[in-house]
Amino acid sequence: MKELYKKEICINCANENCTNGIEEIKTQELVIEQIRTTTIIRCKDFICKNKRLKRNKKDLGW
């Protein structure tokens, strides 16, 4: 799963100093007599290209 994360998600990272600190978090909870397992894979250094701070009109001198 980590290889799939690198292929699909890491190409959208805007962090030039990324250390590829990919971590896997698993949680389990009991739901109506069944155990549900949730797996979260994320990078500590990830910065999305689309979510970077955009300059405001005030910053541009408008």
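The figures that follow rest on heavy atoms only: side chains count, while hydrogens, waters and symmetry mates do not.
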Of all residues at least two apart in sequence or in a different chain, which pass the side chain to side chain contact (heavy atoms under 4.5 Å, CB included) check with [X]?
X     : answer
Lys26 : Glu24, Thr39
Glu33 : none
Cys13 : Asn15, Phe46
Glu29 : Val31, Arg36

*In Å, rounded to the nearest 0.5 Å, how long is the span from CD1 of Ile41 to CG of Leu4?*
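Those atoms lie 8.0 Å apart.
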
_What's the separation between atom CD1 in Ile9 and atom SG in Cys43, rounded to the nearest 0.5 Å?_
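Nearest 0.5 Å value for the CD1-SG distance: 10.5 Å.
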
*Taking the hydrophobic residues Ile, Leu, Val, Met, Phe, Trp and Tyr, and joining any pair whose side-chain heavy atoms are under 4.5 Å apart, which ones share a cluster with Leu30?*
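Result for Leu30 is Ile35.
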
*Quick one: salt bridge (Lys or Arg N to Asp or Glu O under 4.0 Å) pairs with a partner in residues 37-46, sequence neighbours left out?*
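Passing the test, one end in residues 37-46: Glu23-Arg42.
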
